[in-house]
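By convention in this document, chain letters (A, B, ...) are assigned in the order of the sequence lines, proteins followed by strands, and residues within each chain are numbered from 1. Only a predicted model underlies this, so the values are computations on that prediction, with no experimental measurement involved.
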Amino acid sequence: MSTAVEHAHPAAAHGTSGEGGHDAHHQEHWFKHYFWSTDHKMIGKQYLFTGMIMALVGGFAVYVFRMQLAFPGMSVPGYGRVSAADYNALVTTHGSVMVFWVAMPILIAALGNYLIPLMIGADDMVFPRLNRLSYQIFLLSIIVLFCSFFVEGGAFGGAWTSYPPLSSSGTYNNTPMGASLWLVAVALEFVAFLLGGINFITTAMNSRAPGMKLWDIPIVVWMIVLASVIFMASVGPLVAGAIMLLFDQLVGTAFFDPNRGGDPILWQHLFWFFGHPEVYVVFLPTMGIVAEIITVFARKKLFGYRTVIYTAFGIGILSFFVWAHHQFVAGIDPRMANLFTVTTVLISIPVGEMLFVYIATLWGGSIRLTVPMLWALSFIAEFLIGGVTGIYLGASGADIFFHDTYFVIAHFHYTFVPIAIIGLFAAMTHWFPKMFGRHLNEFVGKVHFWGTIISFNFIFIPLFFTGAGGDHRRIYDYSHFPEQWQPWLIELRQLATLALVAMLAFQVLFIWNVFYSMYRGKKAEANPYRANTLEWHAASPPPHGNFPVMPTVYRGPYEYSVEGREEDYWPQHLPS
Amino acid sequence: MQRPIATTRSVTGISTGKLAVWWLIASEIIIFGGLLGSYVMHRIGHPEWAEMSAFTNTPAGATNTFVLLTSSLFAVLAHLKAEHGDGKGAARYLMFTVLGGLVFLVIKAFEWTTEINHGFTITRSTFWSFYYTAAGIHGLHVIAGMVIMLFVAADARKNRELQRVEAIGIYWHFVDLVWIFLFPLLYIAK
Amino acid sequence: MNTASSFAGDIDELVLLITLSVGFWFILAEVAFFWLIFRFAERDGVRGKYVAGEKWKETRWISIPHYIILAFDVIIVIAAVRVWVHVKQTTPPADEVVRVVAQQWAWTFVHPGADGKLDTPDDIRILDELHVRLDKTYHFELSSRDVLHSFSIPSFRLKQDIVPGRVIKGWFKPTQTGTYDIQCAEICGIGHALMPARVVVHNETDFAAWLASHGQVAQIAPSPSGPALPAPVQQNAPGPNVPGGN
Ligand code: HEA
Ligand code: HEA
Ligand code: CUA
Ligand SMILES: [Cu+2]
């Protein structure tokens, strides 16, 4: 560990280093700057914007299929008539895009890349070129996915869970090419995130600023790193499973084909052994974002910093023992269901503890409802709904009824939308001044907030009731089912769709706000919120190399409102 | 490209490269763990697979185990040389390791051709599907290790990046270890 | 929603119990949350407090609720497992056995016919319609000709996936006459939404009438040899030995 003051290039390291010759950041070619950069901030932005564009793709898919659900058989403006095959493909695309190409890149890759080096006081990731490679593999995975829309037979329609034998045989799914390309795309995405994860973990372990002990690491860094570890520990079997499924599709093996000695349930185990931890992989980073925001805008030390870390570990460990709650009625041994009910319901303890800690943090604060704070708080309020409805599903006896109904859909959108969409908005509005050196428009931001939150609840509250009323998932037209074709159900479906259209319309404000403010917004100083963590010590936006002099850390990240100090904040890098 | 300051720090006391290799191996262990776990679950459910594994070539597998172990030994020797700053020596031992990998692949190719000629193809039964998939993925790791080792050796010969000799050595031991698991599972367990 | 099977009520009660116990904590958490936001809104001259949340005096606000939540968890688990064991792990003796064969994208229901036994010449095979008697315990045997499907009757609160290569068994006991939807609850390809079926719960007289009208046709239909699966049938077209196209 070097004791001398570390200077970031280009300022000082340049002169002393022997190989500084080709170090020309200032007149970089635009292509190199935007597409071939190894700078963690640029790679973070690449992930961010790619993720947001994919959110529009996932949002478009949901617009089309929800229109079909509300008004079956209509010609959807901007798409046309939705056939049964189209519907399945749209749902599959929506689900996989939102999870793998929106939530993951934005919450883990974009924020991990942008924030980890800045928040731990480093000048970059430890392996910048590996970082660039992981983004390129990620981009390739998107290209492969897009190709799958246009091949013969069309896009894969076997749901994001891709259960065989439907997914393994073209004669069953009628989209042989689409199925394989979908699988390859997902597998490539996994590889990208495995490489990225190694980079995040190594960086956070090895490259923290001098003085930054484990308990001085900002929560969001902890969370992204823990999420990367959980991802790594859970995705392996599914990577193996994806290879096996691909062989079933292309080579003619029968790993999952029951007629030739395979076992279709095996895939379900491999998928959910990953799938359940995955939901906490995205949950934890958003919890990190929320921790950063509420401490700044409540001017409060986090209530029980270590409790948060311990519960995060608890969630991480427990998450590996609950997966079969997705398979209660899938034909597994019914005695196993009892075990998984116990573990599943128990996970309410660490998750609840974490949320309660955040709520307790508000006590005694001086709360300012800025736009990022509104998003962070709304996350807590909305996620609670998603969390408690998970208990209905975890209770095996009740899941007999709820499994694969819209109740499940409503449950996980009350978790996923707060995590991915609200989390994105919270992070984006909070760190926008740092990323682009300008402020977003506060008023437009508030209108966007209220419009989005209200319409969001009008989408999914009705869907709890249609689910409890017996609506099953992935059904493109309920008119074949007399019991589901009652006026109250039809009206609730239409209400949900109209609310979705409203929610999408409100996003225009956000897009305008982002692009307008990027160039015309009010200029932001380095630390506009009077925050403690190191990224606010760097300039806005931070230059290549981040800090003019590499910082040293003297205290934890949440020393707000310390008694006896004139200022109500105490940055981590200030000597006592 | 200039190395960032981040890369040169070492808060844990373990060099960054080595730390990353350990995490890489951790993720690979889980991938192989999933594959072999699936295999074992199937195997328990299908006692008749014992007959199929009787058709695998145990002597060839045993020879390959020996070959890989020997090559791992060379990787250790290369690391020792690198520790003493002897890049040339390290490169030489690395080349022996690569040679070991090559012998392994040749024996593997011989095995597979005879098996396929006898009709034991990947689609013959789920046992054979696992056999080729697991050994094939392992083989790809052998090839990847050899390619990287060639690059590391080229640098080491010029006494550059000697710390990488150890990192690639750790990776090679891992590839070796996977085989130690595959061999009894696919060849011996009857 | 109809409550048309013997265990539908049990499941509804479980759902109510969960609603009450998580609802309590949910409302408590939300009320505390909004109250705190309101109570500690930024005010001139009032600074935040410095609370680390590490002393017992502070953490008890979190810890004690969590011991109570643990108790709630135990209650929820016990109630859930009891219902589960009743529905999925115990099978009351059968009055009759029916066979359900799923395929892309239709259901074939094999009724035992007048003699009450399967695999006899008077078996009645019907596409997309299951006929059962009120207050009789039915066992069902699920099998699939191709991919995964799921046998779901929302009004019975019944759901069970069907896995090709296996026969999965279960039971139900209808407690209310009427016609209810059978949905397929596992994605099974393009026509997943197009495999609607009905279960008709008859009282004894209606059932006898139904049996009489179908028994005869079944008699002259070629007798199935053994427990063979029905021949593949076209969507919405009557199968080879299906009497008419009800
Ligand atoms: C990030 C997303 C996310 C998160 C965080 C969760 C969190 C939880 N989920 Fe969810 N879930 C999904 C995403 C998520 N889920 C998805 C995508 C699916 C469907 C996949 C598919 O089939 O396509 C799904 C499906 C799903 C199922 C399967 C349903 C089915 O298909 O039949 C189950 C069953 O147990 C379940 C349970 C839970 C539980 C118990 C939690 C818990 O973590 C929640 C814990 C939180 C709380 C409980 C709230 C806070 C606590 C309190 C307020 C204290 C009071 C509480 C008590 C007294 C209990 N989920
Ligand atoms: C992160 C995950 C995520 C997210 C955010 C969403 C968001 C939404 N989802 Fe989805 N959904 C899934 C994951 C997700 N979903 C999954 C996994 C499935 C299961 C798939 C399957 O069964 O296989 C599913 C299935 C699913 C169904 C069930 C379909 C069926 O079974 O038949 C429905 C039905 O209403 C639905 C609706 C919605 C709606 C209305 C939203 C809305 O909230 C959408 C709102 C979107 C936006 C508002 C876009 C915002 C845009 C930006 C932020 C971009 C800004 C851009 C720039 C600045 C450039 N989803
Ligand atoms: Cu059959 Cu869905
Ligand atoms: Cu889960």
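Of the atoms belonging to D568(A), heavy atoms from both backbone and side chain fall under 4.5 Å from chain C. Only the side chain of T405(A) comes within contact range of chain C, judged by heavy atoms closer than 4.5 Å. V46(C) touches chain A through its backbone: at least one of N, CA, C or O sits under 4.5 Å from a heavy atom, while the side chain does not. With a 4.5 angstrom heavy-atom cutoff, A89(A) does not touch chain C via any of its atoms. If you measure heavy-atom distances from D263(A) to chain C, the contacts under 4.5 Å come from the side chain alone. There is no contact between Y87(A) and chain C, counting heavy-atom distances below 4.5 Å. In this structure, chain A has heavy atoms under 4.5 Å from both the backbone and the side chain of V51(C). Heavy atoms closer than 4.5 Å to chain A are found in the side chain of R166(C), but not in its backbone. Contact annotation for R82(C): neither backbone nor side-chain heavy atoms come within less than 4.5 Å of a heavy atom of chain A. Both the backbone and the side chain of T19(C) come within less than 4.5 Å of a heavy atom of chain A. The parts of F328(A) that come within reach of chain C are both its backbone and its side chain, each placing non-hydrogen atoms under 4.5 angstrom from that chain.
For the set D477(A), T341(A), I349(A), L346(A), the count of heavy-atom pairs under 4.5 angstrom toward chain C peaks at I349(A). When F156(C), F26(C), W84(C) are compared by the number of non-hydrogen pairs under 4.5 Å with chain A, W84(C) comes out ahead. Ranked by heavy-atom pairs shorter than 4.5 Å toward chain C, the options R473(A), H480(A), E483(A), K301(A) are led by E483(A). Contact count against chain A (heavy-atom pairs under 4.5 Å) is highest for I69(C) among D12(C), I69(C), I182(C), I168(C). Between chain A and the options E186(C), R39(C), H86(C), K55(C), the largest number of non-hydrogen pairs under 4.5 Å is found for E186(C). Your options are I162(C), L14(C), L158(C), V85(C), and the one with the most heavy-atom pairs under 4.5 Å with chain A is L14(C). Taking P264(A), A337(A), A159(A) one by one and counting their heavy-atom pairs under 4.5 Å with chain C, the maximum is reached by A337(A). By number of non-hydrogen pairs under 4.5 angstrom with chain A, the leading residue of A52(C), A32(C), A29(C) is A52(C). The candidate with the highest count of non-hydrogen atom pairs below 4.5 Å against chain A, out of V83(C), D73(C), V77(C), is D73(C). By number of non-hydrogen pairs under 4.5 angstrom with chain C, the leading residue of Y478(A), F356(A), Y392(A), Y476(A) is Y392(A). With chain C as the partner, the residue from Q327(A), R299(A), H403(A) showing the most heavy-atom pairs under 4.5 Å is H403(A). Put simply, of D399(A), L369(A), N259(A), I265(A), the one with the most heavy-atom pairs under 4.5 Å next to chain C is I265(A).
Within 6.0 Å of CZ on R368(A) lie no more than 12 heavy atoms contributed by other residues, nucleotides or ligands. No more than 12 heavy atoms of other residues, nucleotides or ligands shown are found within 6.0 angstrom of CZ on F465(A).
Residue A381(A) comes nearest to F34(C) through the heavy atom pair CB-CZ, 4.3 Å, listed as atom of the first residue, atom of the second, then distance. What you find for A395(A) and I18(C) is that their closest heavy atoms are CB-CD1, 3.5 Å. Between P258(A) and G165(C) the shortest heavy-atom distance is CB-CA, 4.3 Å. A185(C) approaches D404(A) most closely through the heavy-atom pair O-OD2, 2.7 Å. In terms of heavy-atom proximity, W363(A) sits nearest to L36(C) at CD1-CD2, 3.6 Å. Nearest heavy atom pair, residue D161(C) against residue A330(A), reads OD2-CA, 3.4 Å.
Rounding to the nearest 0.5 Å places CZ of R157(C) at 9.0 Å from CZ of F402(A). Interatomic distance, OG1 of T311(A) versus CD1 of I62(C), reported as 10.5 Å (0.5 Å rounding). To the nearest 0.5 Å, atoms CZ (F401(A)) and OG (S152(C)) are separated by 8.0 Å. Taken from CH2 in W35(C) to CG in L362(A), the straight-line distance is 11.0 Å, to the nearest 0.5 Å. The distance from the CH2 atom of W61(C) to the CD1 atom of I359(A) is 14.0 Å, given to the nearest 0.5 Å. One distance of note links CG of L148(C) with CH2 of W267(A); it measures 12.5 Å at 0.5 Å rounding.
For S5(C), there are no side-chain hydrogen bond (donor to acceptor under 3.5 Å, both in side chains) partners, not counting sequence neighbours.
No donor-acceptor pair closer than 3.5 Å links the side chain of K159(C) to the backbone N or O of V329(A). In this structure, H66(C) contributes its side chain and E353(A) its backbone to a donor-acceptor pair below 3.5 Å. Between the side chain of W25(C) and the backbone N or O of V388(A), no donor-acceptor pair lies under 3.5 Å. Side-chain atoms of R47(C) come within 3.5 Å of backbone N or O of V562(A) as a donor-acceptor pair. Looking only at distances, a side-chain donor or acceptor of Q183(C) sits under 3.5 Å from a matching main-chain atom of G470(A).
Listed in order of number, the residues of residues 173-180 of chain C that approach chain A to under 4.5 Å between heavy atoms are Y180(C).
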Open item on the list: Determine whether Q104(C) and L166(A) satisfy the following criterion, side-chain contact (heavy atoms from CB on, under 4.5 Å), listing intermediate values before the conclusion.
Closed with: CA-CA 10 Å; Q104(C) 284 181 328; L166(A) 179 64; 3.8 Å; yes
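Taking the side chain as every heavy atom from C-beta outward, P482(A) and D181(C) approach each other to under 4.5 Å.
With no hydrogens or angles considered, no side-chain donor-acceptor pair links E54(C) and Y305(A) at under 3.5 Å.
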